[in-house]
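Only one structure is covered here, and it is reproduced in the block below.
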Amino acid sequence: MKIAIIGGGPAGLYASILLAKQKPKAEITVYERNRADDTFGFGVVFSDATLDNFEKYDPQSYRRITQEFAYWDDIAVHFRGTVHRVGGNGFCGCSRRNLLLILQERARELGVNLRFETEIDDESRLNDADLVILADGINSRFRERYIDHFEPEVDIRSNYFAWMGSSRPLDAFTFIFQETEWGPFIAHAYQYEAGRSTWIFETDPETFENAGLKGLNERQSADRMAEIFGWFLGGHQLLTNRSMWRNFPMIRSKRWVKNNMVLLGDAKATAHFSIGSGTKLAMEDAIALAEAMERAPTIAAALQLYEQGRREEVEKTQHAADVSLVWFEHVDRFWDFDPVQFAFGVMTRSKAITYDNLKLRAPDFVAEVDKAFAKQVRAKGFEIDVARPLAPMFQPMRLREMQIANRAVVSPMCMYSAKEGVPTDFHLVHYGSRAIGGAGLIFTEMTCVGRDARITPGCAGLWNDEQEATWKRIVDFVHANSAAKFALQLGHAGRKGATKLMWDGMDRPLEEGGWDVISASPIPYFPDSQVPREMDRAAMDQVRAAFVAATERGERCGFDMLELHCAHGYLLASFISPLTNKRSDQYGGSLTNRLRFPLEVFEATRAAWPKHKPMSVRISATDWAEGGITGDDAVLVARAFAEAGVDLVDVSTGQTVRDGQPVYGRMFQTPFSDQVRNEARVATMCVGNITTSDQVNTILAAGRADLVALGRPHLVDSAFTLKAAAWYGAEGVFCPPQYLPGKEQIFRNSVRDRQDLEELKIKAKPKTRAELKGEATKPLAAE
Ligand SMILES: Cc1cc2nc3c(=O)[nH]c(=O)nc-3n(C[C@H](O)[C@H](O)[C@H](O)COP(=O)(O)OP(=O)(O)OC[C@H]3O[C@@H](n4cnc5c(N)ncnc54)[C@H](O)[C@@H]3O)c2cc1C
Ligand SMILES: Cc1cc2nc3c(=O)[nH]c(=O)nc-3n(C[C@H](O)[C@H](O)[C@H](O)COP(=O)(O)O)c2cc1C
């Protein structure tokens, strides 16, 4: 078998090693355009988990690589004169040059033919090869040549970065966030061998321009960085080696295989340097390819197996890298944060590390985070313990005169169980039990402002006396038997009205018994849905009056808070999104025009709602669809409502059009809450696939939302908050006297369960290489 590999970087060389071991008779050639020792870049970084993988697949190269390594356990965050260190991270650094020399040596030993200074510009030269591995790096010529087949998507990010080196020793993976007269600069730095560290500098385009970096050569820009970070470099030089400032290209390819050619490493996909995974991904690609070659009967089958098996892992890493790079691109959002909260945000930015996880590894750090959070709450006038604070989830909050005992919220959820809009006993039990379960705030389902405003025949309403009396009974029960505050969500279905109950076909039109539907524009939801009537001014007046009447009824019921539903493609949302609003009058076109009617309804309801009670608005912060609302628009929408007097923006997403493409995942909508909160400077509630109290605390402590709503988790666990309170020892959580023995038991058991689990986790955690070498806290001396 003949194998040709284009590119002698980590992907190409490691693939040659693994394939040579597996197929000793194969003729394997690596073509590399550079000289053998002509490599650029400084250090590369691997996690302990990646090294375990290397050990398994080629112990010989693993041993040589790890002899040269620098190990560290801590991440250090420098910000506004403070430094916060968090241990237990288990990373290793090594020089890229040494890594490549070791891989070259190992490949030679295994009989691989290494052809340096050989540039391949036409793969037809390799026609006699059975397998051609395209490991030609980020600017892959062959990926571009077959662009129509591989369909790469190249997203050039806005921030500028440059790789440099230094002799400054470091004992931690170090992030430095530096204020300058031009704007913020960030250094990502780590040691990779004695007396050598990698320094990646990053900044936004405006700061790059202001600092005059555009016109400087490599040496001059290194000098500029040395001036900025001189206080930390302490006289150590910054070294350059092709250290040009660039923009990071996030690359994803739709296909990785063409006939007998396969893309490997950076050529197929990249991951942002802030999670240090470029070289790791490249070498793990080689492992995946070698495994597929071992298992599949033919080369064609192996290449398919490689792509199928590897894609999910690569996409997961890329997603984590994306979330991380977006955090760094928007670092100015957090610039005025308390430094410890800022450091917590750095640590938890890509979701892998959480509040509970950090509490286990760095209890003092988390205690400081809790204190900073509690201080902010105390500054708002709450008499709370700052010396021994509760976890953020159990800190109170005030909106106007409404006080909420904790930050957990039952999200609005339609029960589709009302009769002609009148809630039933089901609703009494449903809301009653969730209120008793301890959440600080519970929302009603979308409660419709008129018979024709309903989504389905089972939707609850508030347009007549019978409904008002029934809701009042539920509100009274909640107030009499719990500490929860109760918010009424008012809405109008718009074009999604006259549809079936959720369990009969979500959003599908009713076959009989429907009613006329209205919307901003006459566009049906499904092609076979009813075509809505475009609202004229008279219809707007009627709808506004219906919202006001329902608001007045809501006040008579005794609700504590009011939410206007402007999300999920319902009537008011249909005005906001350009995908559903095609009007040419003053209610269509610009965002200002599209917001005109929803704001008018907000202002009318605000005027009808008592001044001392808060109001929120639920928005879809993105339509997840081309040409629709984006996070940037959501900031403008939130600002407009905030100027009109909204107290909280409830940040949801999507459900505007049926072909939206949401990117689901844990806490997937939280980045939008983060953006709205920290750019529009308005209180937010986030929601969406948040399932644990650990996630709730992570979000709150990082300042990504002020309240956290959970929908589906509350459907199956009405006592979610009470259980979390037991876990975090928040004794003050409300529990009705009837249930006190249960509360006492769970609080008692939780202390033990928590200790057992933590001990188990500590025991089960393998020692990091830094711990094993006893180098966890010692800086490596320069030679
Ligand atoms: C300037 C620079 C500095 C970097 N520094 C670091 C760092 O310090 N730490 C870190 O973790 N990561 C660093 N990276 C990123 C990291 O190197 C990559 O993620 C990783 O090397 C990917 O491995 P690869 O084998 O896929 O690609 P590469 O390492 O880019 O290797 C591709 C190889 O293919 C060769 N090649 C390309 N086209 C041809 C052709 N037509 N014919 C023959 N040969 C060809 C190139 O010369 C190159 O050696 C750096 C990247 C660059 C560009
Ligand atoms: C059964 C069900 C009904 C829902 N009804 C509403 C509703 O009436 N109003 C609303 O704004 N959101 C509604 N939602 C959306 C939820 O409030 C929440 O945003 C969504 O379920 C995501 O949160 P989760 O992952 O915690 O469930 C509903 C969700 C579910 C599962």
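Atoms within a ligand are numbered from 1 in the order they appear, just like the ligands themselves.
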query = For ligand 2, which atoms sit closer than 4.0 Å to a heavy atom of Asn689?
reply = 24 (P), 25 (O)
key: Proximity flag Ala567 to ligand 2, non-hydrogen atoms under 4.0 Å   = no
task = State whether the shortest distance between N or O atoms of Arg33 and N or O atoms of ligand 1 falls below 3.5 angstrom.
result = yes
key: Exam field: side chain Arg310 to backbone Tyr306, donor-acceptor pair closer than 3.5 Å   = no
Closest approach of any protein heavy atom to atom 34 (O) of ligand 1, naming residue and atom = Gly7 CA, 3.2 Å
ask   = Parallel under 30°, tilted from 30 to 60°, perpendicular over 60°: which one fits the rings of Phe273 and Phe248?
value = perpendicular
message = Please check whether Pro412 reaches ligand 2 - meaning an N/O of the residue sits under 3.5 Å from an N/O of the ligand, judged on distance alone.
response = yes
key: Ser652 N/O to ligand 2 N/O under 3.5 Å   = no
ask   = Okay, side chain of Asp136, backbone of Arg141: is any donor-acceptor separation there less than 3.5 Å?
value = yes
Ile690 N/O under 3.5 Å from ligand 2 N/O = no
remark   = for atom 53 (C) of ligand 1, nearest protein heavy atom and its distance come out as Arg246 NH1, 3.7 Å
ask   = Do any N/O atoms on Glu119 end up under 3.5 angstrom from N/O atoms on ligand 1?
value = no
task = Kindly confirm or rule out an N or O of Thr198 lying under 3.5 angstrom from an N or O of ligand 1.
result = no
Full working for ring pair (Phe, Tyr, Trp, His ring centres under 6.0 Å) between Phe486 and Phe443 = CA-CA 6 Å; Phe486 203 174; Phe443 276 77; 9.0 Å; no
request  = Could you tell me which atoms of ligand 2, counted from 1 in the order shown, lie closer than 4.0 angstrom to a heavy atom of Gln489?
outcome  = 7 (C), 8 (O), 9 (N), 10 (C), 11 (O)
inquiry  = Tell me whether Ser253 contacts the main-chain N or O of Trp256 through its side chain, where contact means a donor paired with an acceptor under 3.5 Å.
reply    = no
Step-by-step ring pair (Phe, Tyr, Trp, His ring centres under 6.0 Å) determination, Phe46 to Phe54 = CA-CA 10 Å; Phe46 298 121; Phe54 295 168; 5.1 Å; yes
task = Kindly confirm or rule out an N or O of Gly265 lying under 3.5 angstrom from an N or O of ligand 1.
result = no
message = Looking at every heavy atom in both Met393 and Ser693, which two are closest together, and how far apart are they?
response = SD-CB, 3.7 Å
query = Would Ser197 and Gln191 count as having a side-chain donor-acceptor pair, cut-off 3.5 Å?
reply = no
key: Element-labelled atoms of ligand 2 that are located less than 4.0 Å from some non-hydrogen atom of Leu710   = 26 (O)
message = With nothing but distance in play, are any N or O atoms of Phe42 less than 3.5 Å from an N or O of ligand 1?
response = yes
query = What is the ring orientation for His568 with His565, classed by angle as parallel under 30°, tilted 30 to 60°, or perpendicular over 60°?
reply = perpendicular
key: Gly711, any N or O under 3.5 Å of ligand 2 N or O   = yes
message = Can you report which non-hydrogen protein atom sits closest to atom 21 (O) of ligand 1, along with the distance?
response = Arg96 NH1, 2.7 Å
inquiry  = Assess the residue pair Phe175 and Phe328 against the criterion (ring pair (Phe, Tyr, Trp, His ring centres under 6.0 Å)); give the C-alpha distance rounded to whole Å, side-chain angles, the decisive distance to 0.1 Å, and a yes or no.
reply    = CA-CA 11 Å; Phe175 290 110; Phe328 284 101; 5.7 Å; yes
request  = Provide, to 0.1 Å, the distance between atom 31 (O) of ligand 1 and the closest protein heavy atom, together with that atom's residue and name.
outcome  = Gly9 CA, 3.4 Å
key: Protein contact of atom 26 (O) of ligand 1 - nearest heavy atom, named by residue and atom, plus distance   = Asp266 N, 2.8 Å
Sidechain-backbone polar pair: Gln467 side chain, Trp463 backbone, donor-acceptor under 3.5 Å = yes
query = Counting only N and O atoms by type, is there a donor-acceptor contact under 3.5 Å from the side chain of Asp650 to the main-chain atoms of Val617?
reply = no
Distance-only N or O hit between ligand 1 and Ile6, under 3.5 Å = no
inquiry  = Contact between ligand 2 and His568 is defined here as a heavy atom of the residue under 4.0 Å from a ligand atom; is it met?
reply    = yes
Shortest protein contact, atom 32 (C) of ligand 1 (heavy atom only) = Ala135 O, 3.4 Å
request  = Please name the residue in the list Asp155, Asp322, Asp266 that meets the salt bridge (Lys or Arg N to Asp or Glu O under 4.0 Å) test with Arg252.
outcome  = Asp322
inquiry  = What I want to know is whether Gly12 and ligand 1 share at least one N or O pair that is separated by under 3.5 angstrom.
reply    = no
Protein contact for atom 20 (C) of ligand 2 (heavy atom, distance under 4.0 Å) = no
task = Could you tell me whether the side chains of Thr692 and Asp694 share a donor-acceptor contact shorter than 3.5 Å?
result = no
task = Name the closest protein heavy atom to atom 51 (C) of ligand 1, giving the residue it belongs to and the distance to 0.1 Å.
result = Trp163 NE1, 4.4 Å
query = Are any of the N/O atoms in Glu32 less than 3.5 Å from those in ligand 1?
reply = yes
